[in-house]
There are 2 protein chains.
Amino acid sequence: MRQMAERDRVWSSERRPKGSVLLVQGDTSSSVFVLESGLVKLCYETSDGDEWVKSFIPDVGLFGSRWPLSTSQENRFSARCLEWSQIATLPADWVRSKIAADSQLQATVARFSEWIYRRKQSREETLLCETAERRYLSFLTNNASLAKRLSQADIARYLGVTPIAFSRIKERVRQKNLT
Amino acid sequence: MRQMAERDRVWSSERRPKGSVLLVQGDTSSSVFVLESGLVKLCYETSDGDEWVKSFIPDVGLFGSRWPLSTSQENRFSARCLEWSQIATLPADWVRSKIAADSQLQATVARFSEWIYRRKQSREETLLCETAERRYLSFLTNNASLAKRLSQADIARYLGVTPIAFSRIKERVRQKNLT
DNA sequence: GCCTCTTCTAAACCTGGGTTCATTCTCCAC
DNA sequence: GTGGAGAATGAACCCAGGTTTAGAAGAGGC
């Protein structure tokens with residue numbers, strides 16, 4: 001029961017509408033978010049008003065603007081709901097202290113860190129080595145169901161091109177598949 | 001003294017010439033490398049023979065093809081010396097067991113993981129959001145001394161363009177600075 | 001010194017993607 | 001149903017970067 005009391009005191013799980021903003025790039029607020037259902041995008045906003053999608057988090061996931069151990073800085077990216085989403089918000093300090101006190105949790109965090117590191121590395125590789133068309137094709141094969149839930153503009157900004165260029169790429173691929 | 005004996009048994013620190021290969025993408029060998037002096041590049045090799053530079057490690061650093069905890073897979077990238085380098089090679093299994101047995105070491109690894117994760121994130125951001133010219137300029141300001149030790153081709157492949165395009169970018173920047 | 005190998009730059013041409021403006025499509029609200 | 005707003009596509013134009021080939025400039029080796 002004391003467990004439940006603490007859960008209620010520090011957590012707050014809310015249902016948030018499509019479009020609601022969870023993190024704003026440049027802010028110094030510090031929370032860890034647990035996505036329980038829905039769809040969230042993490043994105044960078046450039047000084048000239050463009051937006052580029054860092055990653056999508058579908059269905060369930062864990063994200064925050066900074067890493068648990070990291071010294072306080074400003075958020076490097078923004079986060080916003082792309083669908084109605086159920087999201088729990090945890091204070092970063094509280095999470096940090098929980099992790100510090102629990103060696104088993106530390107091991108879990110280490111595994112999670114490694115998983116996410118490998119994903120980042122693979123993203124780096126595709127952005128550095130592959131053309132937009134190839135990135136599109138592998139995104140489709142690896143994330144077929146996710147792609148259906150996303151707007152063309154969001155997919156485009158994830159691939160690193162404008163929505164118009166993305167439309168052309170799709171047309172090109174369509175032509176190739178006909179022959 | 002027992003410490004020293006083990007060090008001699010499992011480590012091997014060697015002086016390696018420019019051009020020598022430390023890691024080959026696709027291999028399954030598993031080592032952790034400690035760069036004590038010199039300069040190393042980590043790079044991806046694509047199926048059509050192109051090479052793209054993942055990162056440079058100047059002077060001192062730590063790298064391996066996979067992460068200590070990771071399950072055995074093949075190397076995702078290659079590594080090669082760009083200058084004469086002094087490099088210690090440690091068996092990944094041995095490193096892994098050392099870390100598992102030492103909670104203080106675990107904390108150090110966690111900090112290192114976070115540091116490297118933040119670097120990856122910042123690289124992702126530049127590759128996704130910035131033009132090659134902007135990437136060149138910020139690389140210059142942040143790595144002025146390193147840039148002098150690198151060939152144009154290696155810088156170009158790090159920025160994500162061909163050496164020829166890089167030469168044009170430099171020319172463009174030169175023109176702008178004159179006015 | 002000279003010769004060779006490598007690196008870097010130059011020029012010409014082509015393609016992919018950005019930009020702008022206009023048009024179609026689709027989904028809702030009413 | 002109709003009207004309207006946002007999303008997606010189409011067309012025209014420009015520029016950055018890839019490709020190829022050639023030439024200039026360094027860096028060793030002798």
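Values reported hereafter were calculated over all heavy atoms of this structure, with side chains retained and with hydrogens, waters and symmetry mates removed. Throughout, protein chains are lettered first and strands after them, A, B, ... in sequence-line order, and every chain is numbered starting at 1.
- Distance from the side chain of A/V161 is smallest for C/dG18 among the nucleotides C/dG18, D/dT19, C/dC8.
- For the pair B/L128 CG and C/dG18 P, the computed distance is 11 Å after rounding to whole Å.
- When rounded to the nearest whole Å, the span between CZ of A/F166 and P of C/dT19 equals 17 Å.
- Mapped onto DNA chain D by nearest heavy atom, B/I164 and B/R172 fall at different nucleotides, with B/R172 at the one closer to the 5' end.
- Candidate nucleotides C/dG17, D/dT9, C/dC8 were compared by shortest atom distance to the side chain of A/R174, and D/dT9 ranks first.
- Atom-to-atom, CD of A/Q152 to P of C/dC25 comes out at 16 Å; the value is rounded to the nearest Å.
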Please determine whether side-chain hydrogen bond (donor to acceptor under 3.5 Å, both in side chains) holds for the pair B/S167 and B/Q152, giving the CA-CA distance in whole Å, both sets of side-chain angles, and the decisive distance to 0.1 Å. CA-CA 8 Å; B/S167 179; B/Q152 309 298 299; over 6 Å; no
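- In this structure, B/R168 atom CZ and C/dA12 atom P are separated by 13 Å, rounded to whole Å.
- Following rounding to the nearest Å, B/L159 (CG) and D/dG17 (P) show an atom-to-atom distance of 10 Å.
- Among A/R149, A/K18, A/R15, the one residue that satisfies the salt bridge (Lys or Arg N to Asp or Glu O under 4.0 Å) test with A/E83 is A/R149.
- Comparing B/P163 and A/P163, the nucleotide of DNA chain C nearest to each residue sits closer to the 5' end for B/P163.
- Distance, B/I155 CD1 to C/dT7 P: 14 Å, rounded to whole Å.
- If you measure from atom CD of B/E130 to atom C1' of C/dG17, you get 18 Å, rounded to the nearest angstrom.
- Across D/dT19, C/dC8, C/dT19, the shortest atom-to-atom separation from the side chain of A/T162 is found for C/dT19.
- The CG atom of A/D154 sits 11 Å away from the C1' atom of D/dA7 (whole-angstrom rounding).
- A salt bridge does not link B/R168 to B/E171: none of the charged side-chain nitrogens sits closer than 4.0 Å to a carboxylate oxygen.
- The pair B/E114-B/R118 meets the salt-bridge criterion, with a side-chain N (NZ, NE, NH1 or NH2) lying under 4.0 Å from an Asp/Glu carboxylate O.
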